[in-house]
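Written below as C-alpha cells is the structure these notes are about.
All chains are named by letter (A, B, ...) in the order of the sequence lines, taking the proteins before the strands, and each is independently numbered beginning at 1. Remember, it's a predicted structure, so these values are computed and weren't measured experimentally.
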Amino acid sequence: MVKDQLLRDLKKAVKDLGYQANDIVCAIPPTPAFGDYSSNIALQLAKPEIKNGKQSPIDIANKIKGKLDKTNYLEKVEVAGGGFLNFFIKGEVLVKNLTQVTQIPKDEKPQKLMVEYGHANILKEVHLGHLRTFILGESLARILGGAGHKVFRANYQGDIGLHVAKAIWGIEKLGLPSKELNFEEKAEYLGKAYAQGSLDYEESSEAKQKINQINVSLYRKEPQFQELYKLGRKWSLEYYDEVYKILGIKYDKLFFESEVYSRGEQLVLENTGKIFEKSDGAVIFPGEKYGLHNRVFISSAGVPTYEAKDLGLSEKQFETFPFDRDIHVVGSEQEGYFKVVIKAIEMVLPKLSGREFHLSYGMVGLKEGKMSSRTGEVVTVNELLNMVAEKVREVVKESRLEVNREVVRSVAMGAIKFTYLKFAPSSNLVFDLQQSVSLQGDSGPYLQYTHARIRSVLREAGEGGSELRMENLELEVEERNLARRLEYFGSVAGQAGKEYRPNLICEYLLDLAKDFNLFYQKHRIIASEKKDLRLALTQATGEVLKTGLELLGIEAPERM
RNA sequence: GUGCCCGUGGCGCAAUGGAUAGCGCAUCAGAUUCCGGAUCUGAGGGUUGGAGGUUCGAAUCCUCUCGGGCACGCCA
C-alpha cells in the first residue's frame with residue numbers, strides 16, 4: 001500500500017516541523033477530486049489556536065505540503081477546504097502496486113483471539129435468526145486471521161437444561177419415528193418434540209412438574225432418560241455437522257454445557273458468601289452492588305443456570321486456548337446478561353479480567369411476522385437455502401448461461417451471507433423473504449458475477465501478460481479510479497478487523513465492482529492498445545474480489 | 001419503573017467528529033452486430049424524528065423531547 005509510505009512520511013514531516021501529534025491518519029476522501037488520501041492533521045494541530053487566530057490551519061498545511069512536495073510517489077499535494085491536505089498518488093505508482101493489492105496489513109499487536117459463535121442449542125433447528133451469529137462469526141474469524149491474529153473458532157452448545165428436558169418430554173409423547181430419517185428429517189422431528197414440550201410446559205402444570213423432574217434427572221445423570229437423551233443428542237449433532245458444512249464453517253472445538261456445568265456450580269458454591277449470595281433458596285450474583293442487576297446462578301431447585309455454566313465455560317476455554325480476548329458473537333438482547341456475567345467471571349477468575357468481550361449484533365426479524373422455535377413457526381436454513389436457490393435457477397433460465405448445481409448452491413449461499421453481512425453488526429435486520437436476499441444490485445451474486453466475468457476475460461486473454469511499460473503512462477478516468485480503489489483494499493480489510501465490522505468490506509467490494517463494471521463498459525480490454533495495463537487492472541480486481549469474498553465466507557466461482 | 005439500542009429520499013441500508021450525506025430496490029428514460037445484460041448510463045426523490053447546546057467543522061458528541069425495539073432473579 002502506498003498509504004504506509006505516505007503515513008510514515010507525513011508523521012516525519014509533522015515531527016520535523018516541531019509539532020506533537022499522536023493521532024495522525026490518512027483517510028479515504030469522499031471523492032477523487034480531493035485526492036487519493038487526505039489528512040486533517042493541520043486542522044488538528046491548529047485546533048487550540050484557531051479561536052484566537054494565532055495559528056492558521058492553512059499555514060500549517062502549507063508547511064507540511066512543503067515537506068512532502070518532492071516525494072517520488074506523489075503527483076501533487078493540495079491544501080483545500082480550510083486546511084485539509086489532499087494527496088494525489090502518481091498513476092504509475094498505483095499501477096506498479098497492482099500486483100500486491102491483495103495484501104492485508106498485519107495488526108501491529110497480533111493477539112490470540114477466540115471467536116465464539118453459533119451457540120445453537122441441540123434439539124432445535126437452525127433458523128434465520130441463528131444464521132446471523134454463524135455468518136458474522138465466521139466472517140470475523142476470517143478477517144481477524146487475515147490481519148495476523150491467531151484465531152480459535154469455538155462453538156458452545158446447550159446440550160443440557162430445561163430446553164432439553166422439554167424435548168425429551170416431547171419425544172416420549174410423540175413416540176420415536178418408525179422409519180429411518182435423514183439428518184434434515186431428524187432435526188425437524190426434534191424441533192417438533194421441543195415445540196410440543198414447550199407448549200405443554202406452559203399449558204399444563206402437571207407436564208411442567210414432570211419436565212422439571214426430567215431436567216433434574218438429566219443433571220444427575222440418572223439412567224431413566226439417558227438413552228433417549230443420548231439418541232437425541234447424537235441426531236442433533238449430526239444435523240449440526242451438516243449445517244456447518246453448508247455454511248463452510250470448521251470449528252476448532254465444540255464446547256458443551258454438559259461438560260462445564262458442574263465446574264461452574266462448584267465455582268459458585270466455593271464463592272458463596274464472598275462473591276455470591278443466598279437469596280430465596282437460590283444463589284445469586286448481586287449485580288446491583290455494581291450498578292448492574294442481580295442474576296440467579298444456582299436455582300432454588302439446586303440446578304446451575306446458564307450463568308453458572310458460563311463461568312465454568314470461561315475457565316475451560318482459557319485452559320484450552322489461552323486467549324487475549326474471547327469474542328462472544330451474541331445478539332443484543334443479551335447485553336444486560338453479559339454485563340453481569342462478565343463481571344462475575346472477572347471476580348471469580350481475575351486472570352480473565354478484560355478478556356471477555358460481547359460482540360453484540362442487532363435482532364433478526366421477519367417482516368412476515370414473528371419467529372418462534374417454541375411454536376415451530378420458523379424459517380430454517382434449509383428452507384431459506386432452497387427458496388433462494390429457486391430464485392437463482394429462475395435467473396439462470398432467463399440468462400441462457402449454463403451452470404451446475406454446485407454453482408447454484410454457491411450463489412444462493414453467497415446471496416444469503418451477503419445479505420447478513422452488509423448490515424453493520426449493531427443494526428437490526430428485518431428479513432423480507434421476497435426481497436431481502438437479492439441477486440442483483442448490492443448483492444453477493446453481483447460480486448460473484450463480476451468476478452466470474454473477469455475470469456472469463458482472463459481466460460479469453462490467455463496466460464502470460466507481457467511486462468508493463470510505465471513511460472508516458474496516461475490513465476483514463478475509469479482506469480485511474482479503479483486503480484485507486486484497488487489501493488484501498490488493504491486498509492479497508494484492516495479497519496474491518498479492528499472494528500469487527502465485515503460490512504465495511506461489503507461496501508468496499510460493491511464500490512470496487514461498480515468501478516470495474518464501468519471501466520469494462522467503457523473500454524475494450526483485449527482488443528486494445530492498452531491491453532497490458534487493462535489486463536493488469538482486470539487481474540488485480542479479480543484477485544481482490546476473490547480475496548474479499550473469502551473474508552466474508554463467500555465462494556467466488558470461476559463461471560456462473 | 002430502571003437501563004441499553006435504534007430513528008437518514010417511497011422502501012431497505014451506508015457513512016460513528018471532516019469537505020458537496022452515499023448505495024441498492026422501486027419509478028421514469030436510454031445502452032447489446034463487439035472481451036459474459038445477474039451488467040451499464042441518465043433523471044426525479046433529503047431542512048439525517050423534533051428542539052436546544054459543544055466545536056473551525058455534527059447524521060455522528062451533550063441535554064431535553066417524541067416514536068420504535070430489547071433487557072431487567074429461578075429459560076438459554
Side-chain angles (χ1 to χ4, degrees), chain A residues 27 29-31 33-34 38 40 43-44 46-47 50-51 56-57 80-84 86 119 121 124 158 161-164 166 198 201 215 257 279-285 287 291-301 303 305-307 309-310 331-337 339-340 360 362-363 365 367 392 395-396 398-401 411 415 422-424 426-430 432 435-436 438-443 445-446 448-450 452-461 499 503-504 506-507 510-511 513-514 517-518 520-528 534-535 538 559-560:
Chain A
T31 146
F34 296 154
S38 69
N40 61 1
L43 288 153
Q44 303 278 1
K47 187 163 182 116
I50 284 179
K51 263 214 171 139
S56 148
F84 285 95
N86 293 338
H119 308 105
N121 288 330
K124 287 186 187 174
L162 195 59
H163 66 286
V164 177
K166 286 176 182 172
S198 230
Y201 190 85
N215 191 26
E257 287 186 15
S279 171
D280 297 337
V283 182
I284 65 156
F285 175 75
L292 304 167
H293 60 263
N294 297 348
R295 292 199 80 99
V296 172
F297 275 61
I298 295 177
S299 77
S300 47
V303 172
T305 61
Y306 193 60
E307 287 83 339
K309 295 174 196 171
D310 250 351
S332 60
E333 71 275 12
Q334 293 196 32
E335 272 171 19
Y337 167 83
K339 278 186 186 146
V340 176
S360 165
M363 313 274 299
K367 195 184 176 194
V392 173
V395 173
V396 169
E398 285 169 23
S399 72
R400 285 179 300 167
L401 294 170
V411 171
K422 76 176 174 187
F423 294 93
S426 58
S427 160
N428 288 343
L429 196 165
V430 178
D432 178 340
Q435 290 191 349
S436 290
S438 167
L439 305 182
Q440 1 129 312
D442 279 359
S443 72
Y446 172 68
Q448 290 171 314
Y449 174 79
T450 304
R453 178 197 241 177
I454 285 171
R455 296 304 305 163
S456 167
V457 172
L458 294 174
R459 276 194 302 272
E460 190 83 13
E499 299 176 9
N503 66 303
L504 297 180
C506 295
E507 291 288 325
L510 289 171
D511 286 338
K514 265 172 232 155
N517 282 322
L518 179 56
Y520 177 87
Q521 196 79 13
K522 282 224 165 184
H523 305 288
R524 304 290 303 166
I525 296 170
I526 298 170
S528 147
R534 291 182 179 162
L535 274 178
T538 304
R559 293 180 168 84
M560 62 181 272

| How many Å lie between NZ on A:Lys422 and C1' on B:rC13, as a whole number? | 7 Å
| request: Tell me what A:Ile284 touches on the nucleic acid: a base, only sugar-phosphate, or nothing, going by heavy atoms under 4.0 Å. | output: base
| query | Under 4.0 Å between a side-chain N/O of A:Lys514 and OP1 or OP2 of B:rC23, yes or no? | reply | no
| task | Indicate, yes or no, whether a donor-acceptor pair under 3.5 Å links the base of B:rA19 to the side chain of A:Ser38. | result | yes
| Distance, P atom - from B:rG1 to B:rG18, rounded to whole angstrom | 36 Å
| message | It should be established whether A:Tyr449 places a side-chain nitrogen or oxygen under 4.0 Å from OP1 or OP2 of nucleotide B:rA38. | response | yes
| said: What contact category does A:Thr305 fall into here, base, sugar-phosphate, or nothing, at under 4.0 angstrom with non-hydrogen atoms? | reply: sugar-phosphate
| message | Using a heavy-atom cut-off of 4.0 Å across all strands, would you classify A:Gly82 as base, sugar-phosphate, or nothing? | response | nothing
| message | From CZ of A:Arg295 over to C1' of B:rC74, roughly how many Å is that when rounded to an integer? | response | 10 Å
| Regarding A:Asn517 and A:Thr450, is there a side-chain donor-to-acceptor distance under 3.5 Å anywhere? | yes
| field | A:Thr305 side-chain N/O to A:Phe297 backbone N/O, donor-acceptor pair under 3.5 Å | value | yes
| Nearest to the side chain of A:Asn517, which nucleotide is it out of B:rU16, B:rU39, B:rG73? | B:rU39
| Which residue lies toward the 5' end of RNA chain B, A:His523 or A:Val392, if each is placed at its nearest nucleotide? | A:His523
| query | What does A:Val411 touch in the nucleic acid at a heavy-atom separation under 4.0 angstrom: a base, only the sugar-phosphate, or nothing? | reply | base
| query | Is the phosphate of B:rC35, meaning OP1 or OP2, less than 4.0 Å from a side-chain N or O of A:Arg534? | reply | no
| query | Looking only at N and O atoms, is any donor in the side chain of A:Asn86 or the base of B:rA19 less than 3.5 Å from an acceptor on the other one? | reply | yes
| query | When only distance counts, do a donor and an acceptor, one from the side chain of A:Asn40 and one from the base of B:rG18, lie under 3.5 Å apart? | reply | yes
| message | From C-beta outward on A:Arg453, which listed nucleotide comes closest to its side chain: B:rC74, B:rG37, B:rU16? | response | B:rG37
| task | Please evaluate the base of B:rG73 for a donor-acceptor partner in the side chain of A:Ser279 within a cut-off of under 3.5 Å? | result | yes
| said: Without decimals, in angstroms, what is the distance between A:Lys166 NZ and B:rA76 P? | reply: 9 Å
| B:rC74 base / A:Ser300 side chain donor-acceptor hit below 3.5 Å | yes
| Phosphate OP1/OP2 of B:rC40 contacted by A:Tyr446 side-chain N/O (<4.0 Å) | yes
| Residue A:Gln440, side-chain atoms from C-beta onward, closest of B:rA38, B:rA19, B:rU41 | B:rA38
| message | Taking the nucleotide of RNA chain B with the nearest heavy atom to each, does A:Phe423 or A:Val457 sit closer to the 5' end? | response | A:Phe423
| task | Could you give the distance separating B:rA21 and B:rA58 at their C1' atoms, to the nearest angstrom? | result | 12 Å
| request: Would you tell me if any nitrogen or oxygen in the side chain of A:Asn294 comes within less than 4.0 Å of OP1 or OP2 on B:rC74? | output: no
| task | Could you tell me whether A:Lys522 contacts a base, only the sugar-phosphate backbone, or nothing, with contacts defined as non-hydrogen atoms closer than 4.0 Å? | result | nothing
